Amino acid sequence: MSLPHAILFDLDDTLIRAYAQPEEAWGRLLHVFSAHLDIHDDAVALEKVRVAIMEEARAFWSDQAAAAEWRLKIPEARRLSVRQGLKRLGRPDDALADRIADAFTEMRRQEYRLYPDAHATVDALRARGVKLALVTNGASEMQRAKIERFDLEHRFDHIQIEGEFGQGKPELAVYRHALERLGCEACDAWMVGDNYEWEVVAPQKLGMAGIWYDPFGAGVPAHATALPTRIITRLSELVE
């Protein structure tokens, strides 16, 4: 594919690794709290806690209307999921649940990592004259901190954050506004990211190319209603 006039990039788990592989992350975190949960090194019991928390989280985020509100309050939402997970197991303890949730939030924050080829890819695209936008869901303070931490602001012609713009992906107004700011038609733009609904399905409705970033080789979801324009496992594939 020849390069387009403009590319919109997702932030979390596209340019930076932030929330990928939650099963592994929760497993590590809960091991730290095993004594507090009175299960010590009982792997089976720890797994039951992990499953309960993650199932409650999936149910919580499956409500799209509620998700649009809680995406701006992720640490608080995480507390609710952990509370419900412990209650489901018959051991309600909101204080402990909040400590676990907050520890997970901090662990994830400390472990944010820029994908190794992110800067080089973005810089190469700019050098070739491609207009670039960073389009991310989430709260302004949290997302701005990531953008500053990983030296991203000056690399983009437009940065659009849900908490500042007032709407988030997959609302079509989000993509339209970013394209307008870049002075580009949808037919000459790509959306690149890891979320199938937000970076493939929604942008394709406008006529954009949906480039799905699949660094772990998960493959197209079984429930997918649209095929990505292209699948990449490394950001550098965009300029190869």
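Note that the structure is predicted; figures quoted are calculated from it, not measured. Numbers for residues simply follow the sequence, beginning at 1.
A salt bridge is defined here as a Lys NZ or Arg NE, NH1 or NH2 lying under 4.0 Å from an Asp or Glu carboxylate O, and R58 with E23 meets this definition. A salt bridge links R88 with E55: the closest approach of a Lys/Arg side-chain nitrogen to an acidic carboxylate oxygen falls below 4.0 angstrom. Between E76 and R79 there is no salt bridge, since no side-chain N of the basic residue sits under 4.0 Å from a carboxylate O of the acidic one. Under 4.0 Å is where a charged nitrogen must lie from a carboxylate oxygen, and between R176 and E180 no such pair does. Using a cutoff of 4.0 Å between basic side-chain nitrogens and carboxylate oxygens, D157 and R126 are scored as salt-bridged.
Residues N137 and N195 have side chains not in contact (no heavy-atom distance under 4.5 Å, counting atoms from C-beta outward). Side chains of P22 and M54 form a contact here, defined as non-hydrogen atoms less than 4.5 Å apart. No side-chain heavy atom of Q160 sits less than 4.5 Å from a side-chain heavy atom of L8. Annotation: side chain of E111 is in contact with side chain of R28 (closest heavy-atom distance under 4.5 Å). Contact check for H119 versus L152: side-chain heavy atoms found under the 4.5 Å cut-off. For the pair R17/P215, no side-chain contact is recorded, criterion being any heavy-atom separation below 4.5 Å from C-beta on.
Other residues, nucleotides and ligands contribute over 12 non-hydrogen atoms within 6.0 Å of the CD atom of E24.
With K48 contributing its side chain and L89 its backbone, the two residues share no donor-acceptor pair below 3.5 Å. R128 places no side-chain N or O within 3.5 Å of a backbone atom of L3 that could act as its donor or acceptor partner. Of the possible polar contacts, one joining the R91 side chain to the L37 backbone as a donor-acceptor pair under 3.5 Å is found. Side chain of D12 to backbone of A18: no donor-acceptor contact under 3.5 angstrom is found. The backbone N or O of G138 sits less than 3.5 Å from a side-chain atom of E162, completing a donor-acceptor pair. The backbone N or O of A218 lies less than 3.5 Å from a partner atom in the side chain of D214, making a donor-acceptor pair. No donor-acceptor pair under 3.5 Å is formed between the side chain of W190 and the backbone N or O of A6. With hydrogens and angles ignored, the 3.5 Å screen pairs a side-chain donor or acceptor of Y196 with a backbone N or O of A226. Side-chain atoms of E148 do not come within 3.5 Å of backbone N or O of E153 as any donor-acceptor pair. Proximity of a side-chain donor or acceptor of R113 to a complementary backbone N or O of Q110 within less than 3.5 Å is detected.
Closest of all the heavy-atom pairs between T14 and L235 is O-CD1, 3.4 Å. The two residues M191 and F9 have their closest heavy-atom pair at CE-C, 3.7 Å. For the residue pair W61 and I74, the shortest heavy atom distance occurs at CH2-CG1, 4.4 Å. Here the closest non-hydrogen pair linking A202 and Y175 is CB-OH, 3.5 Å. Nearest heavy atoms, W26 versus I100: CZ3-CG2, 3.8 Å. Contact record, S140 with E164: OG-OE2, 2.6 Å, taken as the closest heavy-atom pair.
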Check: Could you go step by step and tell me if W70 and L80 meet the side chain to side chain contact (heavy atoms under 4.5 Å, CB included) rule?
Finding: CA-CA 11 Å; W70 285 97; L80 295 179; 3.6 Å; yes

Margin query: Under the criterion side chain to side chain contact (heavy atoms under 4.5 Å, CB included), I'd like the reasoning laid out for V82 against L96: C-alpha separation, chi angles, the key distance, then a yes or no.
Written below: CA-CA 9 Å; V82 179; L96 177 58; over 6 Å; no

Margin query: Could you walk me through whether E56 and K87 satisfy the side chain to side chain contact (heavy atoms under 4.5 Å, CB included) test, starting with their C-alpha distance in whole Å, then the side-chain angles of each, then the deciding distance to 0.1 Å, before giving a yes or no?
Written below: CA-CA 10 Å; E56 288 296 334; K87 287 178 182 176; over 6 Å; no

Next item on the list: Test side chain to side chain contact (heavy atoms under 4.5 Å, CB included) on H158 and K131 and set out the steps.
Entry: CA-CA 9 Å; H158 173 61; K131 292 290 186 181; over 6 Å; no

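With rounding to the nearest 0.5 angstrom, the NE2 atom of H177 is 10.0 Å from the CD atom of Q167. To the nearest 0.5 Å, atoms CZ (R155) and CG (L125) are separated by 12.0 Å. Separating the CG atom in L29 from the CG atom in L46 is a distance of 11.0 Å, to the nearest 0.5 Å.
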